[in-house]
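Note on naming: letters A, B, ... go to the chains in the order of the sequence lines (proteins, then strands), and numbering restarts at 1 for each one.
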Amino acid sequence: MKTLERVLLDHPFTQGLASEYVQVIAGCATNVVFEAGKVIFREGEEADRFYLIRHGRVALEIHMEQGPIVIQTISENDVLGWSWLVPPYRWRFDARALEVTRALALDGTCLRKKCDDNPAMGYELLKRFTLVLEERLQATRLQLLDMYGHKERKPK
Amino acid sequence: MTTPLLENAAAAWEPPVLEPQEAAPMLPRPYVVNRVRQETSDTFTVELQSADGAKPFRFKPGQFNMLYVLGVGEIPISICGDPSRPDTLVHTTRAVGVVTRAMRRLKPGDVLGVRGPFGSAWPIEEAAGNDVVIVAGGIGLAPLRTALYNMLHERQRYGKIVLLYGTRSPNDILYRREVEKWRSHFDLEVYVTVDRASDRWRGNVGVVTSLISRAPFDPLSTVAFICGPEVMMRFAVLELQKRGVDAQNVYLSMERNMKCAVGICGHCQFGPWFVCKDGPVYRYDVIEPFFGKREV
Ligand SMILES: Cc1cc2nc3c(=O)[nH]c(=O)nc-3n(C[C@H](O)[C@H](O)[C@H](O)COP(=O)(O)OP(=O)(O)OC[C@H]3O[C@@H](n4cnc5c(N)ncnc54)[C@H](O)[C@@H]3O)c2cc1C
Ligand code: FES
């Protein structure tokens, strides 16, 4: 059976990360599986972890008057969740598995403590999260543009 | 570095196949509407047949026709049918304004004026031997469908063929049945994503460019064809470059307002080119200095 460290190393999030850091992170990781339809977390709940998706697909949903709207799907090789990083550590969306989803769950409280103890590792992890955040921000901006909608003439 | 497939944009442009009216490219010929199919709430496909016994309509994938709705106006619309069926001319159009809305009201038996085909084509011959990644957004799937038909007719000549298609919502998926059929092909990789969806949709939600990072192709031996809103194409190029696809192997189709379609009136100017005759399909590295810049 693959060790958690091995599984962690297979995920693009840890690519190029020093092996001593991977070892430390593995100490905060558990292997998890979600069946299709299973809610992984709900808006407002305490955000005490994040997930490295290994297989499957997860929908991020927000509830509107007309029902839940999927704002993004996350799949293999993606990172799910960063609310564990920023106070007040609460999820901003619901996350629901659309198909059987395998992931590594990383305990945020455990990791925050280890990052405080080892700022160099903390900086490394933050750099990686910033990349993920930047990509999501760009994607969200494009989504907001409604680029397939009508090209309105510029207001005079 | 990968080898450029073609020397420059001029080389990428092949003279338009002006048959059957090469002698009079400004003169619309009558075509009769055979069939009208509603594709999505604002998009429809018309199938046309020559009303004056013109020869079969030969064209290349990526080229367009000028369609004249009698008494209303004339607009450029890509040819999106199967080139192996040159007797039927197929156009998919999104109703956005005066002419396209009038076109939506056409019924079988009505007559349209057709000039064309015009413009450059997707370099499907030159792409042979490589993986091909097609990135389409919204109505942009229409001009790429012809390229896909061509490549599927000669499937063995290509490596992987990957279609990445993004649209607004699940109800806006163009050629839905056909896309589902393509997905079931074992030798075609099809990924669809929408910008927004309800919780009944089980597919991807997110911009089409986010599919590029995970799509299965070999960046060092890949040719990419992109068609969609310009902002989408800009981000698609960036993602392809991040994956290591050379700018010289990326082609995209540009849109500008048109009048003459034969390089005379200057309406469709884009940098030093006229889109109607040097485009609409361009190699990215050639147009890069002008691409995404405010009106050039
Ligand atoms: C080479 C080429 C190939 C094309 N192929 C296709 C095709 O296969 N299918 C297709 O549907 N269209 C295609 N187009 C775009 C099409 O030509 C325009 O949508 C059309 O000219 C609009 O004419 P209209 O009279 O209906 O709209 P107008 O009355 O001129 O415009 C009305 C409103 O629609 C907006 N508008 C205009 N064009 C577009 C557009 N492209 N997208 C969104 N909003 C727009 C205008 O800003 C305006 O607000 C192509 C364009 C080019 C240059
Ligand atoms: S439309 Fe007249 S030059 Fe292109």
Which answer fits [X], side chain, backbone, both or neither, if we ask what part of it has an atom under 4.5 Å from a heavy atom of chain B?
X: A/I71; result: backbone
X: A/A139; result: both
X: A/Q72; result: both
X: A/S75; result: both
X: A/R136; result: neither

Open item on the list: Looking only at heavy atoms and a cut-off of under 4.5 Å, which of B/A197, B/G228, B/S213, B/G138 has the most pairs with chain A?
Closed with: B/A197

TODO: Against chain A, work out which of B/R214, B/M232, B/R200 has the most heavy-atom pairs shorter than 4.5 Å and name it.
DONE: B/R214

Task: Over-ring placement of B/R234 relative to B/F291, 6.0 Å and 45° cut-offs - done: no

Task: Cation-pi check, A/R102 onto A/F34 ring (under 6.0 Å, within 45° of axis) - done: no

- [ ] Could you look at B/R196 and say if it's the side chain, the backbone, both or neither that has a heavy atom under 4.5 Å from chain A?
- [x] both

TODO: Counting only heavy atoms closer than 4.5 Å, note whether B/T209 contacts chain A via side chain, backbone, both or neither.
DONE: side chain

- [ ] Over 60° means perpendicular and under 30° means parallel, so classify the ring planes of A/W84 and A/F50, tilted if in between.
- [x] parallel

Task: Ring geometry between A/H11 and A/F13 (parallel below 30°, tilted from 30 to 60°, perpendicular above 60°) - done: perpendicular

- [ ] Taking the two cysteines A/C28 and A/C110, decide whether their SG atoms are closer than 2.5 angstrom.
- [x] yes

TODO: Verify side chain to side chain contact (heavy atoms under 4.5 Å, CB included) between B/R104 and B/V36, making sure each step is shown before the conclusion.
DONE: CA-CA 8 Å; B/R104 181 160 65 174; B/V36 183; over 6 Å; no

Task: Option that, when pairs with chain B are counted at under 4.5 Å, heavy atom only, ranks first among A/L145, A/I69, A/L142 - done: A/L142

Open item on the list: Do the side chains of B/E239 and B/R243 get close enough for a salt bridge, i.e. N-O under 4.0 angstrom?
Closed with: no

